[in-house]
Amino acid sequence: MQNIAEPIVSAELRRRFVSSTRVFVLTGAGVSAESGVPTFRGGGDSEVWKGLPFEVLSSTEMLQLDLAAVWEWFDYRRNLLGILEPNPAHQELARWQHLFPEFTLVTQNIDGLHQKAGSQRVIELHGNIWRARCISCHWCHEISVDADRPEACLQCGDRLRPDVVLFGELLPRGGLERAAEKAAQCQLCFVVGTSALVYPAAGLPEIAKAAGAFVCEVNPERTPLSALCDEVLTGKAGEVLPLIGI
Ligand code: BV8
């Protein structure tokens, strides 16, 4: 059994953790990995389903081409997610929201596990797999674990689509702007479990850094963002995050 030494949390980071009043956290698929949610990249094969890479399945082109196939892909993922629970990383971030006067949690994930762990006011940049949206009137419908999703919009009868931002689609108005504003105001920024490849989300830590924040990355692997960070804690989010706030 490989003995993975615990990452050393610097005295500087601990000092900043106890003295900061404005903290910003960006999470990616890696924060849900220990809950059993497959990541898209990093740590094995990227998510491929029925021979198609996820960037193709989750794209605006695929939506135009074959809405039923997109629903099949999201139904498959939702069924996987239905039985999964938050892990210590989600729980620790839910605890952090009570530690700072201004705490902003921004996620690229669509799994809803931050909210399930108790995080509130989560900024979901890429939407949520537990919601369907009408392609005409944009009416939204919650999809619960134990009920079939509605076949058509209950308001206007047109087709529904996942309320998720697909590749090639603009992010919903408001979320990204609010996230960028908080990133520019924070004193301490954590980047947890993201390959930092998908924009515009990956640009948020760059905004924080440019505004003078101390940036800390938590990831078992290095990313294009690592060089920009003031501290890189190499390890799993569920194991590392609880070490920071003690
Ligand atoms: C946009 C929802 C303006 C769907 C997602 C060509 C045409 C159009 C656009 C583009 C283009 N070329 C580039 C773009 C921009 C594109 C983009 O950035 N593409 C990338 C791939 C190059 N972005 C967009 O399209 C965005 N919109 O730009 O609009 C526009 C519009 C039209 C034309 C031009 C511009 C929309 C992006 C949103 C897409 N939707 N999700 C779905 O889920 O199916 S993105 C999806 O992938 C996720 O939400 C997430 O954001 C991303 C995956 O990233 P990560 O979360 O980082 O996950 P990943 O698996 O990559 O990494 C996991 C990390 O965790 C790894 O580092 C690993 O080491 C680490 N890890 C593993 N285990 C652990 C761990 N860390 C901690 N603990 C562990 N235990």
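We count ligands from 1, going down the list as the structure has it; atoms in each ligand are counted the same way. Along the sequence shown, residues carry numbers from 1. This structure is a prediction, so every number in the text was calculated from the model and none was measured. Values below: all heavy atoms of this structure, side chains included; hydrogens, waters and symmetry mates excluded.
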*Asks:* Ignoring hydrogens, what is the shortest heavy-atom contact between P205 and V215? Give both atom names and the distance.
*Replies:* O-CG2, 4.2 Å
*Asks:* Are any non-hydrogen side-chain atoms of C216 and V191 less than 4.5 angstrom apart?
*Replies:* no
*Asks:* Heavy-atom distance to atom 43 (O) of ligand 1: which of R77, E124, K236, E169 wins?
*Replies:* R77
*Asks:* If you count the atoms of ligand 1 from 1 in the order shown, which ones are under 4.0 Å from a heavy atom of A237?
*Replies:* 77 (C), 78 (N), 79 (C)
*Asks:* What atoms of ligand 1 come closer than 4.0 angstrom to any heavy atom of V198?
*Replies:* 18 (O), 37 (C), 47 (O), 52 (C)
*Asks:* If we only count N/O pairs under 3.5 Å, is N109 in contact with ligand 1?
*Replies:* no
*Asks:* Donor-acceptor pair, distance only, cut-off 3.5 Å: does the side chain of H90 make one with the backbone of N87?
*Replies:* yes
*Asks:* Counting each atom of ligand 1 from 1 as listed, which ones have a heavy atom of V164 under 4.0 Å away?
*Replies:* 2 (C), 4 (C)
*Asks:* Anything under 30° is parallel, anything over 60° is perpendicular, the rest tilted; go ahead and classify F190 against W96.
*Replies:* tilted
*Asks:* Please state whether P220 comes within less than 4.0 angstrom of ligand 1, counting heavy atoms only.
*Replies:* yes
*Asks:* Which ligand 1 atoms does E221 reach within 4.0 Å, using its non-hydrogen atoms?
*Replies:* 69 (O)
*Asks:* Can you confirm whether T194 sits close enough to N219 that some side-chain heavy atom of one is under 4.5 Å from a side-chain heavy atom of the other?
*Replies:* no
*Asks:* Evaluating non-hydrogen atoms only, which member of T39, N128, N219 is closest to atom 66 (C) of ligand 1?
*Replies:* N219
*Asks:* Looking at L197, which atoms of ligand 1 are within less than 4.0 Å of one of its heavy atoms?
*Replies:* 18 (O), 20 (C), 22 (C)
*Asks:* With nothing but distance in play, are any N or O atoms of G168 less than 3.5 Å from an N or O of ligand 1?
*Replies:* yes
*Asks:* Would R149 count as a cation-pi partner of W71, with NZ or CZ less than 6.0 Å from the six-membered ring centre and within 45° of the ring normal?
*Replies:* yes
*Asks:* Output yes when R222 and E217 qualify as a salt bridge under the 4.0 Å nitrogen-oxygen rule, no when they do not.
*Replies:* no
*Asks:* Could you tell me if the side chain of V240 sits less than 4.5 Å from the side chain of V9, heavy atoms only?
*Replies:* no
*Asks:* Under 4.5 Å between side-chain heavy atoms, hopping through other hydrophobics if needed: is there a path connecting I207 to Y199?
*Replies:* no
*Asks:* As an exercise, identify every atom of ligand 1 less than 4.0 angstrom from a heavy atom of F74.
*Replies:* 44 (O)
*Asks:* Checking the N or O distance criterion of under 3.5 Å, is ligand 1 in contact with T223?
*Replies:* no
*Asks:* Do ligand 1 and F40 have nitrogen or oxygen atoms that lie under 3.5 Å from each other?
*Replies:* yes
*Asks:* At under 4.0 Å between heavy atoms, is it the side chain or the backbone of A29 that contacts ligand 1, or both, or neither?
*Replies:* both
*Asks:* If I apply the N/O under 3.5 Å rule, does G28 come out as touching ligand 1?
*Replies:* no
*Asks:* Under a 4.0 angstrom heavy-atom cut-off, which atoms of ligand 1 come close to E34?
*Replies:* 78 (N), 79 (C), 80 (N)
*Asks:* Hey, does the side chain of S226 reach the backbone of T223 with a donor-acceptor pair shorter than 3.5 angstrom?
*Replies:* yes
*Asks:* How does T194 reach ligand 1, by side chain, by backbone, by both or by neither, if only non-hydrogen atoms under 4.0 Å count?
*Replies:* both
*Asks:* Nearest to atom 38 (C) of ligand 1 by heavy atom, E239, H126, E61: which?
*Replies:* H126
*Asks:* Is there any salt bridge (charged side-chain N to carboxylate O under 4.0 Å, His left out) pair reaching into residues 23-35, and which pairs are they, with sequence neighbours excluded?
*Replies:* none
